[in-house]
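Beneath this line is the structure, given in structure tokens, with notes to follow.
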Amino acid sequence: MRTHPHLAGRPDQVRVQRSRVEELDTDRRYDVIISGLPLTNFTPRQAETIMSRYLELLHPGGTLTYFAYLGTRRARNLLSTRAETRRHRAVEEVMTSYQRQYATGCRTVWANLPPARVWQLRCPTEPELKARCAGAAEAAR
Ligand SMILES: C[S@@+](CC[C@H](N)C(=O)[O-])C[C@H]1O[C@@H](n2cnc3c(N)ncnc32)[C@H](O)[C@@H]1O
């Protein structure tokens with residue numbers, strides 16, 4: 001950070017956290033989180049822990065943006081063990097569940113090598129959460 005051309009003169013605006021995101025000890029809440037973590041390399045439990053921590057760290061209405069490379073599962077299926085294929089699929093299920101609940105946008109960047117899918121998830125506001133609970137209660141009747 002000390003040598004970064006845009007950040008060097010702004011130590012009050014930048015804080016480097018030397019911790020895993022899921023172990024980040026803070027009460028701060030953020031409007032925007034941009035994640036470069038390779039989520040499909042983690043275990044399903046780690047991916048779940050990281051995603052839930054991201055959502056906790058957001059203000060209601062705040063957004064999380066992350067990306068995943070396209071075709072990694074297919075490539076892994078060709079090259080890896082069954083256990084590794086199962087792990088990868090299980091992580092994708094975790095991610096799909098978060099996408100179903102919170103995604104507000106998704107686009108594919110074909111110009112990236114390899115192409116990447118960029119997801120935007122939004123932390124619900126209080127009224128939205130209440131409406132969801134009411135909807136779920138109604139559906140359960
Ligand atoms: C693929 S690199 C991305 C680097 C950079 N953030 C970017 O987007 O270009 C992944 C980085 O995530 C870090 N990392 C791995 N597990 C992490 C975790 N649980 N919490 C926070 N960072 C983690 C690694 O140390 C590594 O620097």
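Ligands are counted one by one from 1 in listed order, and the atoms in each one are counted from 1 as well.
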Within the distance-only criterion (no hydrogens, no angle test), does the side chain of His59 pair as donor or acceptor with the backbone N or O of Asp31 below 3.5 angstrom? no
Considering all heavy atoms of both residues, which atom of Thr125 and which atom of Arg122 are nearest to each other, and what is their separation? CG2-NH2, 3.9 Å
CZ on Arg87 to OG1 on Thr43, rounded to 0.5 Å: 8.0 Å
Does Glu138 pair with Arg141 as a salt bridge, N-O distance under 4.0 Å? yes
Atoms of ligand 1 less than 4.0 Å from Pro38 heavy atoms? 10 (C)
Pairs of nitrogen or oxygen atoms closer than 3.5 Å, one from Val21 and one from ligand 1: do any exist? yes
Do Arg15 and Arg28 make a side-chain contact, defined as non-hydrogen atoms from C-beta onward lying under 4.5 Å apart? yes
Taking 4.0 angstrom as the limit, do Glu23 and Arg53 come out as a salt bridge? no
So is Glu22 polar-close to ligand 1, meaning N/O to N/O under 3.5 Å? yes
With the threshold set strictly below 4.0 angstrom, can you tell me whether any protein non-hydrogen atom sits that near atom 4 (C) of ligand 1? no
Atom 15 (C) of ligand 1: nearest protein contact (heavy atom, Å): Leu37 CD2, 4.0 Å
Atoms of ligand 1 close to Phe42 [distance to a heavy atom under 4.0 angstrom, numbered from 1]: 16 (N)
Nearest protein heavy atom under 4.0 Å from atom 7 (C) of ligand 1, yes or no: no
Locate the shortest heavy-atom distance separating Pro44 from Val94; write the atom from each residue and the value. O-CG2, 3.9 Å
Look only at the side chain of Arg132 and the backbone of Gln101, and say whether a donor-acceptor pair between them is shorter than 3.5 Å. yes
Protein heavy atom under 4.0 Å of atom 26 (C) of ligand 1: no
With the threshold set strictly below 4.0 angstrom, can you tell me whether any protein non-hydrogen atom sits that near atom 20 (N) of ligand 1? yes
Using a 4.0 Å heavy-atom cut-off, say whether Tyr66 meets ligand 1 through its side chain, its backbone, both or neither. neither
For atom 1 (C) of ligand 1, state whether the nearest protein heavy atom is under 4.0 Å away. yes
Can you check atom 23 (C) of ligand 1: any protein non-hydrogen atom closer than 4.0 Å? yes
